[in-house]
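Owing to the predicted nature of the structure, the values given are computational and were not obtained by experimental measurement. Below, all heavy atoms of this structure are taken into account, side chains as well, without hydrogens, waters or symmetry copies.
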Amino acid sequence: MFFFSKLINEKTKTKIQKSKGVGMFFITGMSTFTWILLAYVGLHLGQDYISAIKDVSLNTIVLTHHMGPDRDFIIRVRELFLIVGSLALFIEIAKAATTNKFNGAETLLSFVVAVVFVVLFFMVSWAQNATFLVLALMSFIDATGGFIIELNAAKRDFAIG
């Protein structure tokens, strides 16, 4: 009986490990710009369906700090997207530079997300602004940077000649 319970426990552990792997893919395997794109699209399309963001626009003030008699530091939703995009670009380049294995799927996903950014910029009126364009450029920098880093890693791994 002990032998069968040990086999069942091993199968259960592998199933749990596989399910954790799938869940972790959505956090670490997907491009961070995928989440930014989903948040931006959700902000614009979700206003009709989600009452909590009904009055939120790119010009909505998130933070105001009084710095002096005639100076205020203001962060709007548009600047918040750019700040998060800058952090995402840093995270993605760091992920590509520190990975131990060659993972072309992440780079391919990054290129797909960058193309979706550009297509939305040219085809959808609410995406035709400077904030969305800068996020699209950051996404392309992420995709090309990851591709270049992976090519250099592959060149090191395969000695030709």
Within 6.0 angstrom of Phe147 CZ, more than 12 heavy atoms from elsewhere: no
Derivation and outcome, side-chain contact (heavy atoms from CB on, under 4.5 Å), residues Phe117 and Leu133: CA-CA 8 Å; Phe117 264 108; Leu133 178 64; over 6 Å; no
Test side-chain contact (heavy atoms from CB on, under 4.5 Å) applied to Arg76 and Leu63, step by step: CA-CA 7 Å; Arg76 293 177 183 84; Leu63 173 76; over 6 Å; no
Validation row: Ile75, Ile61 side chains within 4.5 angstrom (heavy atoms): no
Within one Ile-Leu-Val-Met-Phe-Trp-Tyr cluster: Ile91 and Tyr40, side-chain cutoff 4.5 Å: no
Beyond-backbone contact of Phe81 with Leu43, side-chain heavy atoms, under 4.5 angstrom: yes
Heavy-atom donor-acceptor pair, Glu92 side chain to Thr32 backbone, under 3.5 Å: yes
Inter-residue atom distance Leu137.CG - Phe132.CZ, 0.5 Å rounding: 11.0 Å
Ser57 vs Thr60, side-chain contact (heavy atoms from CB on, under 4.5 Å): CA-CA, chis, key distance, verdict: CA-CA 5 Å; Ser57 70; Thr60 303; 3.5 Å; yes
Result of checking Val41, Leu87, Val84, Val113 against Ile36 for side-chain contact (heavy atoms from CB on, under 4.5 Å): Val84
Note, Val62 side chain near Val77 side chain (heavy atom, < 4.5 Å): yes
His65 side-chain N/O to Met67 backbone N/O, donor-acceptor pair under 3.5 Å: no
side-chain contact (heavy atoms from CB on, under 4.5 Å) between Leu37 and Leu120, worked out: CA-CA 10 Å; Leu37 180 64; Leu120 285 176; 3.8 Å; yes
Student check: side-chain heavy atoms of Phe121 and Asn129 closer than 4.5 Å: no
Heavy-atom check, side chain of Leu89 versus side chain of Ser86, under 4.5 Å: no
Shared hydrophobic cluster, Leu82 / Ile74 (ILVMFWY, side-chain heavy atoms < 4.5 Å): no
Flag, side chain of Thr144 to backbone of Phe140, donor-acceptor distance under 3.5 Å: yes
4.5 Å side-chain heavy-atom contact, Glu106 and Lys95: yes
Ser139 versus Ser110, closest heavy-atom pair with distance: OG-O, 4.1 Å
Crowding at CG, Asp72 (>12 non-hydrogen neighbours, <6.0 Å): yes
Side chains of Leu58 and His44 in contact at under 4.5 Å (non-hydrogen atoms): yes
